[in-house]
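Working notes, structure below.
Below, chain A is the first sequence line, B the second, and so on; all start at residue 1. Bear in mind the structure is a predicted one, so any value in this text is a computation, not a measurement. Computation of the quantities below employed the complete heavy-atom set of this structure, encompassing side-chain atoms and omitting hydrogens, waters and symmetry-equivalent molecules.
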2 protein chains.
Amino acid sequence: MKAKKGNLPRIQDVAKMANVSTATVSRALSFPDRVSEKTRDAVLQAIEKSGYTINQSARNLRRGGTGTILVLLPNLANSFFSRVLKGIETIASKEGFSILIADSQFPPIDEAAFGNLFNISRIDGAIVLDGNIPQSFFDRQNGRKPAMVFACEWIPGSKTAAFHIDNIAGAMMATDHLVALGHRKIGHVAGPPNNVLSRDRVTGFLQSLQKHGLGCPDDWKIQGDFTIESGVQAAQHWLSLNQEERPTALFCASDEMAFGLISELNQNGIKVPQDLSIVGFDDVEFAAHSIPALSTIHQPRRRIGEAAARALIHKIRDADAPPLPEMAFELELISRGSTAPFSNR
Amino acid sequence: MKAKKGNLPRIQDVAKMANVSTATVSRALSFPDRVSEKTRDAVLQAIEKSGYTINQSARNLRRGGTGTILVLLPNLANSFFSRVLKGIETIASKEGFSILIADSQFPPIDEAAFGNLFNISRIDGAIVLDGNIPQSFFDRQNGRKPAMVFACEWIPGSKTAAFHIDNIAGAMMATDHLVALGHRKIGHVAGPPNNVLSRDRVTGFLQSLQKHGLGCPDDWKIQGDFTIESGVQAAQHWLSLNQEERPTALFCASDEMAFGLISELNQNGIKVPQDLSIVGFDDVEFAAHSIPALSTIHQPRRRIGEAAARALIHKIRDADAPPLPEMAFELELISRGSTAPFSNR
DNA sequence: TTTATTTTTGTAATCGATTACATTATTGAT
DNA sequence: ATCAATAATGTAATCGATTACAAAAATAAA
């Protein structure tokens, strides 16, 4: 009962075995109802016996779709994204899509590489988690483009649906928390300057200060890039400031930076939160288990991933359907051990 | 200069535009040397002008390959894997392969889902990072199977090439370190019992103890599952032990568990390393920045990923070629702040 | 110049599943 | 029992690129 030539069994082989036409086999697989029970059983049995599996390339070619969605993220190694990915995967696999994952920063993606990935013959749609892809990469595409949504990050001004939290509000919550604890000298460790998230978080930070009649001198605004390492550098910067004029609290635009910061301060004998209060952003898994546990803004990463995936699949299935309703993702300030009331000492 | 019907431009359209046959266009793309410079330029120009991109499904169908490799990992959310992934991606993209990533535990993969993924018409090969896939899933396949290698984990007894460190040696290094610090009462927080890594690490742990004439009562062998949460539970277990008969040092089979452990102990007033020394395993990025910084066994995750990808691609290109030479991955004990010499107090 | 060799190009079959359309079988209504 | 309507199945064209084979063009050798 082998397929001839030592090759894989084809739909032809199954058809012959079950004494039906290839069309019937195809229908038995794709539209079971359109086939009588008797033949369906025969087909299924032939499939089982032959070990037939569908040839995806052939199906994709004929159907003009791939059942694959691309997830483009800035940094695979950053644990922040893995939860979002998990949300995407949950939905995608439930809906019968595979996901293709690519890292847009490493190796840095150029137009050619992008064009090769973001191609309707490879993918049905894409979820883009990187707001720094040049808009021109998308515009350059001819013909039918894959469906697309943004998640977490987005390109400002783009019309494409984007699923993300309100970063300004989040930053305000974090800063308000520090103010409420009695801090008046509050600094900020920012993300990379060309990043939308960084910008919104700086904005929220400043809005909160303004609301409370506080200001922030330039050297309390520390430039980082979301990595642990840049948190370490931020600590160096803080240590270099005049002891009397240092902030007594810092809002970090990411948990990772907060960890680097706290660790480096600790090496230098500075205690968090006694000497300095720190709030992070994201509530990565580890935040609850660091020492001290990190106060931070929780964002529902997994739900963001799920929402983005749902919206994308919706768009893939019917490009002209009205988009799914926007949803708001709730933020939550989680107060843990890294923040404490201001004390004069 | 549009393709007709509002559809994507096809190779036909390019051919017409460049006044050559489709065969020539195809050759200009796949074997530039087999085409005269003049026609090549004409073709390239036509491609540029039409915005043509190749239809991958058609190419895959005809060529009988997909240019895609699957990476099957147990848990996307675990930061351990992201570095390995990065290594895989570096090589894969350099060699012109895309990677398809799937999570084997969530949602738990069943035979049908596995068969759907691990299918020669979808992928050219797979890198499997999960040693708990039932062997039967692989055996059940008919016909030509995708190429495959294991990385990090593997199925004991399988003939398939596997790229991983010597876990027994690593566990011995970790345990030796504790012994060298003067500890005599040493416990172990193990990984999930059905996991090859756990088993080898337990073995190495016990071998080291034996070498030094030490033993380990059963209630110093704590069952975990590699997660932070199970580290927290291990701490509870340790705390529940009779104060006089507790281990003074613990070897954790993963850094994640060590973090959970240290954090929970800290909550209960136990200081690491003063009251208890702890070594982890893996040297995840955060290990250098936790408080205290974690002593651990460094494994070159990225290089493992690269080696696995290289070997797989080698196999894909020529299934019968002799396999690439095995390589040893060096381990390193990184001694940081979580371990200290035994003191009687 | 003529012939042999090599390079370049074209024609048309092919990969394997899907589906429009045509045909046959079945069911139900009268 | 007859006809209409519906269900089930089959035939063959099709998706778009690749490539075996054949033909034509260019180059080298005589």
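The interatomic distance linking A/Q12 (CD) with D/dG10 (P) rounds to 13 Å, in whole Å. In this structure, B/E37 atom CD and D/dA26 atom P are separated by 16 Å, rounded to whole Å. Taking atom CG of residue A/D33 and atom P of nucleotide D/dA8, one finds them 9 Å apart after rounding to whole Å. As rounded to whole Å, 15 Å separates atom P of D/dT9 from atom CZ of A/F31.
Exactly one residue among A/I109, A/D103, A/I127 makes a side-chain contact (heavy atoms from CB on, under 4.5 Å) with A/L72. That residue is A/I109. The side-chain contact (heavy atoms from CB on, under 4.5 Å) test with A/T24 is passed by exactly one of A/I11, A/L29, A/V35: A/V35. Put simply, the residue from A/I316, A/I69, A/L100 that forms a side-chain contact (heavy atoms from CB on, under 4.5 Å) with A/I123 is A/L100.
Within the 4.0 angstrom heavy-atom criterion, no nucleotide atom of any strand lies near A/S121. At the heavy-atom level, A/V25 lies nowhere under 4.0 Å from the strands shown. When heavy atoms are screened at a 4.0 angstrom cut-off, B/S26 is found touching base atoms of the nucleic acid. As judged by a 4.0 angstrom heavy-atom cut-off over every strand, A/L29 is placed among residues making no nucleic acid contact.
Geometrically, A/R301 engages A/F80 in a cation-pi contact, judged by NZ or CZ lying under 6.0 Å from the ring centre and within 45° of the ring axis.
Take A/H164 and apply the ring-ring contact (aromatic ring centres under 6.0 Å, His included) test, not counting sequence neighbours, and it matches A/W154.
Ranked by how close their nearest DNA chain C nucleotide is to the 5' end, B/N19 and A/T24 are led by B/N19. Positionally, the nearest nucleotide of DNA chain D for A/K38 lies more toward the 5' end than for the other of A/K38 and A/T22.
Separating the NZ atom in B/K94 from the CD atom in B/E306 is a distance of 7.5 Å, to the nearest 0.5 Å.
A side-chain donor from one of B/R63 and B/S30 sits under 3.5 Å from a side-chain acceptor of the other. Side-chain contact annotation: A/S50 with A/D13, donor-acceptor N/O pair under 3.5 Å absent.
Extent of DNA chain C lying under 4.0 Å from chain B heavy atoms, first and last nucleotide in 5' to 3' order, is C/dT8 to C/dG16.
Using a 4.0 Å cutoff on non-hydrogen atoms, the parts of residues 55-68 of chain A near DNA chain D are A/L61, A/R62, ordered by number.
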Apply side chain to side chain contact (heavy atoms under 4.5 Å, CB included) to A/R122 and A/T68, showing your working.
CA-CA 7 Å; A/R122 239 187 221 294; A/T68 301; over 6 Å; no
